[in-house]
Each structure stands twice: as structure tokens, then as C-alpha cells.
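These notes are about the structure you will find just below.
A, B, ... follow the sequence lines: proteins, then strands. Residue 1 opens every chain. Keep in mind it's a predicted model, so treat the numbers as computed, not measured.
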Amino acid sequence: MSQDQENTEQSLFDAPPIAEQERMIEAMLFASATPLDTREMAARMPHGSDPSEALVHLRKRYEGRGVNLVRVGDGWAMRTAPDLGYLMRREMVETRKLSRAAIETLAIIAYHQPVTRAEIEEIRGVSVSRGTVDQLLEMEWIRFGRRKMTPGRPVTFVVTESFLDHFGLESARDLPGLKELRAAGLLDNRPPPGGLSLAGEGDDDEGAPGQNELFED
Amino acid sequence: MSQDQENTEQSLFDAPPIAEQERMIEAMLFASATPLDTREMAARMPHGSDPSEALVHLRKRYEGRGVNLVRVGDGWAMRTAPDLGYLMRREMVETRKLSRAAIETLAIIAYHQPVTRAEIEEIRGVSVSRGTVDQLLEMEWIRFGRRKMTPGRPVTFVVTESFLDHFGLESARDLPGLKELRAAGLLDNRPPPGGLSLAGEGDDDEGAPGQNELFED
Amino acid sequence: MAEDEFDDGARPVALADRLAAEALIVDVDGFEGPLDLLLTLSRTQKVDLRRISILHLARQYLAFVERAKALRLELAADYLVMAAWLAFLKSRLLLPPDPSEEGPSGADLAAHLAFQLERLQAMRDCAARLMGRDRLGRDFFARGLPEDVTRRRETRYTATLLDLMQAYARIRTRDEFRPYVMDRDAIFTMEQALEHLRGLIGFAGTWTDIATYLPEGFTVDPARRRSATASTFAAALELVKEGRAELRQAEIFAPVELRRKD
């Protein structure tokens, strides 16, 4: 404020001291919704003011602060320091159960990997939407395996390490077979048809062509 | 900054150094158009941060600058220095012109809060129109306070944080002339002698704990 | 507003009072009730409100009401109530106090009225001071470009091993048990087919194989496909019967084709 003193001794029409000009541009830049260029600032300041010089001081003053003076196009604006952006965000993590389509697709991939999309559809009896596969890929629970050596060389899907992590499995081979699932009461408790043996039950895994290829890559 | 030194020597999970906390609250307060209280700030800052301490430093830093850190009720806000208002003509917002009745009602609520409608009418000597109260409520300058413990349990009105913000008041205690008015007994709830009342409604407050409640919230 | 009119009526001069009263009558709508009027009248006394003569004020007010009556002006009831009360107060103030009389003395009542006037004036002064303060958006400003706190919603999907195994079991056992339960999963009923076709027929401008109308989920499994084919065919016949569609088949075993009938 000693600068003020000096100034008042000069003519009334002199430009305000630079410290005062700095205050002015600080207030204007703070209150403005858009960046201001030096011409606009000068037009609003007392005659003889030099916003460019004041800007140099102000920029220095805000160096390393929580808010910085930045150049935006031809203008200047105050902006939150980039490293503090996280304070302006409130993250909300929401856990949601995986959809039935997704969990079924995932289960088929886990039990039959490597498996093509056509095979998944064949097993589920319905087509598999792109979104379902994308979701599982994005969650990094499945990934692309090697292409099948069949006509069209379709891509295959396999489960990932993070899938095993999430489900607490050492390997996909540890997944219980149908027989075990039934023994554990995990199957729908529809009674098996009297006398009729459950064709193919439990064999699924053994005989499946996929099983040998499991984790080959 | 010696405090920083101390801090970094402690565990990684300690609060950030105070200088860093100051940057954080600076960024948050700059980014917000409305006042933030310390609880809101702390919730967004790393665990263990103490916005109150950082606020003391920040307030000092902005003393005499073009933008100041001001206290608004329980909150804090950055506001341009009042002497620079002329530079911001472009940002000026046209406030709706308030009627004389609205202005007086507002003043009575501010100085007598918490105050019932009957008390306002007693002071003004006329009934308070619904529109006047609605307008003040809509502008968010007043809100309902708690009910009075008098017969009928009438609702009371109090002024809001936006009221304080708008008029640049730290708290309702800083209302101009409040102390003098109180000393002169003009904020007393003085029942008319012999229960006679001009407005006829002044009896509501008789025996009310009224003035003791002043500014309790 | 009426203040100027009182400037020359220095002391209680009856004439000046009457002139003032007339001026006030013209403005009666401009007053916010009797208390406001009393406050305005009190300004003629040019003294501190604390030393105001309530007796004189009562006289002024009553003169005002008399003038209003003489001019046949309608005065709101509260003005008349105040007039009656002030007349009562005036008599109390003028007569020597009667010790046997109950209730507050004239002096007490006058003091309270003076208090009310002073309090109202104080509130008006406060209102003026308040409105004269530096104000947000006029004298000082908030951040012009506030950055709102953005709420980013992140969804994390979960499933348990049990979910996974049950899902697999569900798929693998679905076909096995079908013959033994009243499971209508594989049946696409005529009603369903009709509803399905009605929803699609609007788009069938050209001849289209009815096989392409089979619903999703009924095209792979042979049993389901069979059911859906039959019901879709029957539904197509129904639409033809309703006159909404046409059917054709080029030769035996050729695709049956359906088209919207306009």
C-alpha cells in the first residue's frame, strides 16, 4: 500500500499503481464467466492502465496455488490447478449385480473355453448381444483367445486372470462339474426323471472338445 | 512451512501439509459460487485434513487483494473486493425491486429473528400479505425457523445464509446498529399495557421466550 | 413524501394541522395503516420520537379522521379503530387519574404507543441501512464461472461363484428335463405369434419369408423352432383372414412368404 501513497501525490489522472491494477484484473477475471483479453480489461479499467503488466504480476502470484491464471485463446482466465481437479469431482461407486445374460455367457465361456460366439449361442439357445460380450471384456473377466481352425476362423473367448481372482479360483478347471453341482444342491431341484439316466451329465466337461485346449495360451 | 516437514516425516496416511490443504480449499472456494462450510470442504479433502486451519492462512493471503475470503454464516466464500464493484458492471445482476413492505418485513425478520408473523404485524401495524413473505422465501433470504413455544405454536421466520451472503454479513450478529437497538430496548418484546394491543394480535407472544432465542441458530 | 408540507407549521397550529390533514387525506392510500400515518404525523413535531407528545399526536390523528369524514372519504376500519382508541387515550391523558379505575394509566398507554412508533422508525432505518450495504451482484461478486462438483457415477458389476455355477447349471439342465415338466419355455403360442406378427406386419411392404419372423430365441433349438414356425404360420393365416396380409408359396416346400396388404 506504500505504492498508493506515492500515487496520491501524483495527478489524479495518472494510471493506478500496478498493485492496484493487479487487484482490478484479479477481481475482473474472478467474476467473469468468460476469459477476458487485455483490450477488454483495459476498457473497464481507469485510463492509462496496463493490464499486460499487471497480468505478469498476477500470474506469478498464482503460480503453484490452488487456482492458476491461464491463457485461453486470446484471453486470460482463472482455473483450478489441474492436480486438484479431483476435489471438484464426487465419485460414486455403485455395485450392481451382473445381468442374467452376462452371467450365463460368462459361465459358458468359463466352462467351455475357448469358445466362439456361435457356440455360446448354441448352448444358451439365444443370441448373445454385443453389449453383453463388450461388458465382460471391459470388466476384464474375458478376453479374446486364439481363432478357431474352422471355416471363417472365428475368434474365441477365454476367461482371464482377474476372472479367476474375482471368483477365487486357481484355474477354470476347478469349476465344479454338473454332477458336483447337483450333489451340492446347486441345481434347480427338479427331480430327475425316474429310471432314466441323465444322459451326458457330467460328461460335458470331459468330452468337450474345448477342455483340452483349456489355458493353452 | 516447518509444519510440512513435520508432516512428511509421519505416516503416508497423514493429512496433507497445511500449505497443500490451503491450495485445496482455495481451489474449492474459487470453484463454488455459493459458500462452503468446513464440513463440506473436509468431506472432499483427504482424510485428516483441517480446513479451519487452512482457512486462517488463506484469509490472510487474500487480505487487501482484488478477491477476498469472506465468512458467510457457517460458510466461507471468495468474493470480489467491494471497492472494485465498478469494474464488474457487466456482471451485475438486476435484482427484482422489493416493495417497501417486503424490505421492512425483511429488516424486521433479520433484527428480531426468530419472529412470528403476528410479531411482524405488531411492529409494522399492518397485516403482512402472503405475497410479501412468499417473495422473500422465494429469494431464499428468509426461511422458516422453529415453532414458538407459545399457544398455537406459531411458525417463525429467520434469515438465511444467502441473505448474509447478499448483504455481505458474516453473521446476523453483524447487522448494522443491532447493538444500539438492543441497548435502546427497541428489540424488546414489550407487550402492550393491560393486554391492549393496536394490532390485536400482539397477545400471541406474551410470555414468549422470544428474545432470548434471538440468533440461537 | 408529505414531510415538506409540514415544514412551515412549526408548532401545533390548528390551521396547519388541518392543511396537513387534507394533504394526508389525498394520500391516504399511500399509508400502510394507522401506525404508518401516526409516524408521518409525528414528524410535524420535529422532536426526538422519545420526547414526542402523544396527546398532540392523538389530536392530529383525530383531526385527520374528522376531515376524512367531512370529505366523505371511506376510511378503512382499522383507521377508525385507531381513532376510537386515541380518543380514549386522549381522555385518559387529559383527565386526572382516577385511583379506583382498573387498567393501565394513560401515561402507560402513551408510552407504549411512543415505543411502537420509535420501534417502527428504527426498523425503517435498519431497512434503509441494509439496502444501502454493499450487495452481492451489485458491489461485490461471486465467481463468474463456478465449477460445479461433477458427480461421476461408476458402476461396478459383481457376481459370485455361486451365481456363475447356478447360471451354468440352469443352461445345461434346461433341455434335459423338458419332457418331464410342464415347461412351456419351448412353446411359442399362437397368441404370442399373433401379437409378435401384428407388431411387425406394418413394416412388411415386400414379400418376406415367414421364417424370418420367428422370434429371437426360437431359431436355434429345433423344438423351439418347430413350435414357433407352426404358430407363426397359423398367426399369418389369421392375419390373412383379417385382410391385413397376403400369403404366397411359389411351390411345394418353397418358403411361405408374407406381405402387408394395404
Side-chain angles (χ1 to χ4, degrees), chain B residues 28-34 44 67-68 70 77-86 88 91-95 98 100-101 103-108 110-112 122-127 162 165-169 175-178 181 184-188 190-194 196 198-200, chain C residues 30-39 49-50 76 78-79 81-82 85-86 88-89 101-113 115-150:
Chain B
M28 286 188 285
L29 289 167
F30 253 79
S32 176
T34 50
R44 284 156 69 183
V67 175
N68 306 140
V70 297
M78 304 293 300
R79 297 287 179 253
T80 61
D83 65 310
L84 299 176
Y86 68 96
M88 262 69 74
E91 278 79 27
M92 246 177 237
V93 277
E94 238 355 279
T95 31
L98 281 176
R100 185 173 125 174
I103 293 169
E104 280 183 25
T105 303
L106 179 66
I108 291 168
Y111 283 81
H112 289 261
E122 160 84 17
I123 294 168
R124 294 198 67 230
V126 284
S127 62
S162 328
D165 195 13
H166 184 90
F167 291 100
L169 292 162
L175 283 163
L178 185 71
L181 287 177
L186 289 171
L187 298 181
D188 294 351
R190 203 182 290 179
L196 255 174
L198 290 182
Chain C
F31 289 100
E32 287 206 74
L35 205 57
D36 184 27
L37 174 57
L38 277 169
L39 194 55
L49 272 174
R50 255 164 289 187
D78 51 346
Y79 283 84
V81 170
M82 176 64 92
W85 189 82
L86 286 174
F88 164 76
L89 176 61
E101 202 161 357
E102 294 283 306
S105 70
D108 290 342
L109 294 172
H112 187 71
L113 180 58
F115 167 73
Q116 282 182 301
L117 291 173
E118 198 189 345
R119 184 173 59 178
L120 180 59
Q121 186 56 52
M123 280 301 115
R124 291 203 170 151
D125 295 343
C126 286
R129 283 174 81 177
L130 197 57
M131 299 317 271
R133 283 183 70 84
D134 286 336
R135 287 161 67 180
L136 180 65
R138 195 188 71 180
D139 306 292
F140 60 94
F141 296 83
R143 181 85 167 112
L145 188 64
E147 293 166 63
D148 280 331
V149 173
T150 55

>> Using a 4.5 angstrom heavy-atom cutoff, name the option from B:Gly185, B:Gly85, B:Pro176, B:Gly168 with the most pairs to chain C.
In response: B:Pro176

> Hey, are B:Arg79 and C:Asp134 close enough for a salt bridge, meaning a charged N less than 4.0 Å from a carboxylate O?
Replying inline: no

>> One pair to check against side chain to side chain contact (heavy atoms under 4.5 Å, CB included): C:Phe88 and C:Leu109. What are the steps and the verdict?
In response: CA-CA 10 Å; C:Phe88 164 76; C:Leu109 294 172; 3.7 Å; yes

> Heavy-atom distance under 4.5 Å to chain C: side chain of B:Met78, backbone, both or neither?
Replying inline: backbone

>> Using a 4.5 angstrom heavy-atom cutoff, name the option from C:Gly33, C:Ala128, C:Gly144, C:Cys126 with the most pairs to chain B.
In response: C:Cys126

> chain B heavy atoms under 4.5 Å from C:Arg133: which part of the residue, side chain, backbone, both or neither?
Replying inline: side chain

> Side chain, backbone, both or neither: which part of B:Leu98 has an atom under 4.5 Å from a heavy atom of chain C?
Replying inline: side chain

> Taking atom CG of C:Leu120 and atom CG of C:Leu38, what is their separation to the nearest 0.5 Å?
Replying inline: 10.0 Å

>> Would you compute the distance between atom CD of C:Gln116 and atom CZ of C:Arg119 and round it to the nearest 0.5 angstrom?
In response: 6.0 Å

>> Shorter than 4.5 Å, heavy atoms on both sides: which option in C:Phe141, C:Phe140, C:Phe115 has the most such pairs with chain B?
In response: C:Phe141

>> Report which part of B:Ile123 has an atom under 4.5 Å of a heavy atom belonging to chain C: side chain, backbone, both, or neither.
In response: both

> What residue in C:Leu130, C:Asp139, C:Asp78 has the most heavy-atom pairs under 4.5 Å with chain B?
Replying inline: C:Leu130

> Is a side-chain N or O of C:Arg143 found less than 3.5 angstrom from the main chain of B:Phe30, in a donor-acceptor match?
Replying inline: yes

>> Has B:Thr105 got a side-chain atom pairing as donor or acceptor with B:Ala101's backbone, closer than 3.5 angstrom?
In response: yes

> Closest approach of C:Phe31 and C:Leu37, non-hydrogen atoms and distance?
Replying inline: CD2-CA, 3.7 Å

>> Using a 4.5 angstrom heavy-atom cutoff, name the option from B:Arg124, B:Arg190, B:Glu104 with the most pairs to chain C.
In response: B:Arg190

> Where on B:Ala77 is there a heavy atom nearer than 4.5 Å to chain C: the side chain, the backbone, both, or neither?
Replying inline: neither

> Shortest non-hydrogen contact from C:Ala142 to B:Ala33?
Replying inline: CB-O, 3.9 Å

> Is chain C contacted by the side chain of B:Ala81, its backbone, both, or neither, given a heavy-atom distance below 4.5 Å?
Replying inline: backbone

